[in-house]
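Have a look at the structure below before the remarks.
Reminder, nothing fancy here: chain letters follow the sequence lines and each chain counts from 1. Keep in mind that the numbers below use all heavy atoms, side chains included, and drop hydrogens, waters and symmetry copies. All values derive from a computational prediction rather than experimental measurement.
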Amino acid sequence: MMDENSLNGAQNVGVGQSRVNNAVTGDKIADDASNGNAQTVPQYTIPGILHFIEHEWQRFQAERSQWDTDRAELQSKIAVLLGERKGLQTTHSDLIRRIKMLEYALRQERIKFHRLKFGCDPPTVDLTQSPDEQGLELNADAEYPYSPVTNQMWERGRARLQNYLKEIGWTETIIDVRSKCTRNLLKLGNAEQEENISPNVNGTETNNKRASESQGRDQPAKKSQQQQAMADALLLDTEAAVMSSFAFLEPADVEMDDEDYMGDDMDLVTGSSDSDMKQLKLKTKGVIVNDDDADAEAEEVLNDLNRLAEGEDANMNMVVNNQRINEGSMKRRGVMTGLVGDEEVDSSLGLGELAELTVTNESESTYDVNNSKESYRKTWNAKYTLRSHFDCVRALAFHPKESVLITGSEDHTLKLWNLQKTVPAKKSASLDVEPLYTFRAHNGPVLCLAMSSSGEQCYSGGLDGVINCWNLPNSNIDPYDSYDPEVLKCSLEGHTDAVWRLAVNHTKGNLVSASADGTVKLWSPQSKIPLLNTYSSDTEGIPTSVDFVRDETDKIVVSYKSAVSIIHDVETGKPILKLTPNGMSGATDPTKYINRIISHPTMPIIITAHEDRWIRFYDANDGTLLHAMVAHLDAVTSLAIDVHGLYLLSGSHDCSIRLWNIANKKTCVQEITAHRKKFEESILDVAFHPSKPFIASAGADAIAKVFV
Amino acid sequence: MVMEAQSQQTQQILRRNRPGTSAKEFCQWPDENFEEMDSTLVVQQYIQQLIRKDPSNVEKLLTMPDGQDEGVWKYEHLRQFCMELNGLAVKLQTQCFPATCTQMTATEQWIFLCAAHKTPKECPAIDYTRHTLDGAACLLNSNKYFPSRVSIKESSVLKLGSVCRRVYRIFSHAYFHHRRIFNEFEEQTFLCLRFTHFVTKYNLMSKDNLIVPISDAGEIPGESEA
């Protein structure tokens, strides 16, 4: 409601202003008309309202999922913190117990000493006083309370304590395990202490919260507060990593429960229960990581935990955690080698791009094993949104090796994007990329692009009839670097009207261009006289698109406005073969208008995209129509084929791009709705990255998208 | 509306620039009524349609259709200005060199610092021009401030003023230092004229800053005296 009102208000203001303006300039008629309308009913346009509602709905959805995520994250954070607290409490009570025992031992020693010295029991007052004295001593020097005592006395005390413990029922093994972990702990803290005390610290778990003297308590309590604070700070840093570690720890935990120390593993239990949730979340996201990644991450987590433990030298619990994780991850490794293929390993937060990139290749084997036959090819998901153009993006070209894309737009510019330099977008799974470089030289819309096989140059053709050759700037350039005129290498002038299509021959580096001036020209951009040849057809009209046949140097295929395509011999310019759609009498048929023609990279097949929604496949040797299919709901505008020639990508004004398996049955593998319409145009170009798992689409809505 | 009569035909016409379309025919389709446009980009479509028809008809260009959200209207206009300024930048690239125009100046009074950098820098004029346009493109396309082209937050509308101020300096530099280019460009596009009227009408810049004189200054109420 609020929004609607404010919208309404804005409109009224707007109308009011225009009224003032009109009145001043004296345009009364228009003024009256608009005025009357505006005052009675606020003018909403149906599309405006629909878009508003759609927009709001999307926003709510996004926010809701964001809240869900946040809640899950906060809950798991709480669980971790609770565990942390529990651990610290255990440590705390442990230390207090230790102090008690030592106090007791000392008292006994003193009594004995007194007895030996004076031959009688010490006065009872002594007993009551001694704890106080001990307490004071503790306060004064908490770390080394017993420095003056001799080794001999310690021996006796230790033996006695061991006796006590046996009486309570603690076996040697438990004592050993226990002391091992205490040693670990004290290694970080104080070696001397370790030597002397560790064997004595045998889990007096059974004895509990026996009210202890306040003096003894004060010190550790303070300390644990500090620890807590420190742990909190560290946790903030390491939280993400810890979170994910719990996810993969979970199964290991279950196996280990038996041989565990009592009591103080509450934290991990809570941790793992929340990891369930986490795992679920990850599963729905479909993020999959192979085991190497999981291990690598485990190590990372261990490092973090180590740091944590070092930060709090008496935090036994963290050390315990640490050991457990060590064992856990080792177990995990064992499990992994046994189970590869059976189990999805979900454990990733914050792996970032690396995870995304590796996913595409390695994870498939585990991910799709049970799916249908076409599943060996993963589904593509929108990952990067490239917004920075002001108008329709007309053309796309990927760098042959790097994750670099160039877009050409009707806003007269080309932009260079490095997909590895992203800005994480708020509240959305896709990443925003900002352009690194803007190429300005065209006096009008840029209509087509082509990339040289080395990736050092790129060519752009514009409505101004000029073909520009650009030296690509470094893909890590500072976007606000100073202007370098050398980026524009040269301009190929010769066309007298819009250049609509460029294609590069990868063996020779030659460039072929199709222009609305009725000609197709062959260029050698590196030569002094770049123009090599000009081709045209007297009968078929203006060329619409062009490509080299199977990337060979001697043949090009040109589509003409008449919906006929002709294969020309590059040397002589003579037509070799004519490709005609079925059922065409030879007269021009505007409904079969060819928007794009491409050649299969390895087989003698020519593919055309038509205004009448069809994609047609021709044999490049004899010109027969091999296959034809209705591919979209509206005109097919663009085609791209992957380097192996197995998949075809098509874009259409129906706002969708479709991926076709052309190796066998020419089935549609995936459809993605990608762009919105401007006038009656939607998707203007599609592209495959030659060496990386990227596809891209360019839209009339001024946005380009990259899918992985 | 002028296109009232043609509204009947519009259903059959596909407004597309197919490959092979000549520069003359590019976008030369019959006008479409604002009310009949049904895409998300109506405002852009409408503005571009008006510009193609007559770029000098400032009055018509700046008359907002009924029921249009003013924030979006201003935003789309500014997008269009920045886009067309690319044309001026292309021309400046041929004549404005770091060696000759070492600073972004217009008249002798001001030196403008380039805001595209972490600490504002005295970029040469051509760099300033490019950086400002690039920066404006990033801001106006930012998912954070302008996630939608259908409705715009009030706080984001406030950003438009600073973009206007910065890009205006390109006009003023061209006018005072590359007059021939400026005149050539202005003859074709009337961009500075349109821009001046636009910022005046919507109070996006203070009048003191509008230092480029425009020919028919009398027509707008309260036009800058310069």
Side-chain angles (χ1 to χ4, degrees), chain A residues 7 10-11 13-15 18 21 24-25 34 37-38 42-45 47-48 51-52 55 387-388 390-391 411-413 425-426 432 434 438 440-445 463-465 479-480 482-483 485 497-498 500-501 516 542-545 561 593 595-596 611 653 676-681 701, chain B residues 14-23 26 29 32 34-35 37-42 44-45 59 62-64 66-71 73 79-80 82-83 86-87 89-90 93 98 114 116-117 123-124 126-127 130-131 133-135 137-138 140-144 148 150-151 154 201 219 221:
Chain A
L7 193 74
Q11 280 165 359
V13 171
V15 169
S18 70
N21 203 37
V24 172
T25 52
S34 68
N37 283 341
Q43 294 277 304
Y44 294 115
T45 56
H51 288 305
F52 177 72
H55 173 74
R387 37 175 112 221
S388 190
F390 285 120
D391 210 342
D411 67 8
H412 306 193
T413 64
K426 225 173 117 195
D432 272 12
E434 286 195 354
T438 306
R440 293 184 175 89
H442 283 286
N443 277 310
L463 195 69
D464 54 5
Y480 295 107
S482 49
Y483 173 57
D497 207 333
W500 276 96
R501 183 70 185 155
I542 287 166
T544 61
S545 184
K561 258 191 175 168
Y593 199 102
N595 284 320
R596 183 65 61 89
E611 188 75 11
H653 287 320
R676 302 199 177 180
K677 281 196 169 188
K678 183 192 165 198
F679 287 111
E680 265 81 39
E681 293 183 315
D701 55 1
Chain B
L14 285 177
R15 291 178 174 78
R16 284 176 185 163
N17 295 306
R18 298 186 181 88
T21 307
S22 71
F26 197 78
W29 45 62
E32 187 176 17
F34 180 75
E35 289 76 19
M37 294 181 183
D38 59 351
S39 82
T40 345
L41 309 172
V42 260
Q44 188 188 23
Q45 287 177 206
E59 209 51 58
L62 294 181
T63 308
M64 197 164 68
D66 293 337
Q68 176 56 44
D69 176 82
E70 191 182 277
W73 176 252
R79 276 181 76 104
Q80 184 69 25
C82 291
M83 174 172 139
N86 279 327
V90 168
Q93 273 174 184
C114 184
H117 311 273
C123 282
I126 190 63
D127 289 335
R130 294 172 56 90
H131 295 169
L133 288 178
D134 291 349
C138 283
L140 294 179
N141 283 296
S142 141
N143 209 12
K144 190 172 159 202
S148 156
V150 175
S151 69
E154 203 53 43
K201 178 167 179 179
E219 275 190 27

> Checking A/Ile542 against chain B: side chain, backbone, both or neither under 4.5 Å from a heavy atom?
Replying inline: side chain

>> Under a 3.5 Å distance rule, please check whether B/Arg16 uses its side chain to pair with a backbone N or O of A/Glu680 as donor and acceptor.
In response: yes

>> Under 4.5 Å from any heavy atom of chain B, what part of A/Asn443 do you find: side chain, backbone, both or neither?
In response: side chain

> Taking all atoms of both residues into account, what is the closest heavy-atom pair of A/Ser388 and B/Ala137, and its distance?
Replying inline: O-CB, 3.5 Å

>> So for A/Thr438, is it side chain, backbone, both, or neither that comes closer than 4.5 Å to the heavy atoms of chain B?
In response: both

>> Between B/Arg18 and A/Asn595, is there a side-chain heavy-atom distance shorter than 4.5 Å?
In response: yes

> When rounded to the nearest 0.5 angstrom, what distance separates CG in B/Leu140 from CZ in A/Arg387?
Replying inline: 12.5 Å

> So, for A/Trp500 and B/Asn17, which heavy atoms are closest and what is the spacing to 0.1 Å?
Replying inline: CH2-O, 3.7 Å

> Which heavy atom of B/Ser22 sits nearest a heavy atom of A/Ala516, and at what distance?
Replying inline: CA-CB, 3.7 Å

> Do the side chain of A/Arg596 and the main chain of B/Pro19 share a donor and acceptor less than 3.5 angstrom apart?
Replying inline: no

> chain B heavy atoms under 4.5 Å from A/Asp701: which part of the residue, side chain, backbone, both or neither?
Replying inline: both

> For the residue pair A/Pro445 and B/Phe26, what are the closest heavy atoms and their distance?
Replying inline: CG-CE2, 3.8 Å

> When only pairs under 4.5 Å are counted, which of A/His55, A/Arg501, A/His442, A/His653 shares the most heavy-atom pairs with chain B?
Replying inline: A/His653

> In terms of heavy-atom proximity below 4.5 Å to chain B, should A/Arg676 be classed as side chain, backbone, both, or neither?
Replying inline: side chain

>> I'd like to verify something: which residue of A/Thr413, A/Thr45, A/Leu463 has the highest number of heavy-atom pairs under 4.5 Å with chain B?
In response: A/Leu463

> Atom CG in A/Asp497, atom OG1 in B/Thr21: separation rounded to 0.5 Å?
Replying inline: 9.5 Å

>> Using 0.5 Å steps for rounding, measure from the OG atom of B/Ser142 to the CD atom of A/Glu434.
In response: 8.0 Å

>> Quick check on B/Cys82 against chain A: is it the side chain, the backbone, both or neither that has a heavy atom closer than 4.5 Å?
In response: both

> Just by distance, do the side chain of B/Asn86 and the backbone of A/Asp411 share a donor-acceptor pair under 3.5 Å?
Replying inline: yes

> For B/Trp73, is it the side chain, the backbone, both, or neither that has a heavy atom closer than 4.5 Å to a heavy atom of chain A?
Replying inline: neither

> Distance-only, no hydrogens or angles: does the B/Gln45 side chain make a donor-acceptor pair with backbone N or O of A/Phe679 under 3.5 Å?
Replying inline: yes

>> For the CG atom of B/Leu41 and the NZ atom of A/Lys677, what is their distance to the nearest 0.5 Å?
In response: 12.0 Å

>> What part of B/His131 gets within 4.5 angstrom of chain A, counting heavy atoms only: side chain, backbone, both, or neither?
In response: both

>> For the interface with chain A, which of B/Val90, B/Ile126, B/Leu133 has the highest count of heavy-atom pairs at distances below 4.5 Å?
In response: B/Val90

>> To the closest 0.5 Å, what do you measure between CZ (A/Arg440) and CD (B/Gln93)?
In response: 7.0 Å

> Would you find a donor on one side and an acceptor on the other, under 3.5 Å apart, between the side chain of B/Gln44 and the backbone of A/Asp391?
Replying inline: no

> At a heavy-atom separation under 4.5 Å, does B/Ala23 approach chain A through its side chain, its backbone, both, or neither?
Replying inline: both

>> I need the residue from B/Asp134, B/Asn141, B/Asp127 with the largest number of non-hydrogen atom pairs under 4.5 Å to chain A.
In response: B/Asn141

> Side chain, backbone, both or neither: which part of B/Cys123 has a heavy atom under 4.5 Å from chain A?
Replying inline: neither

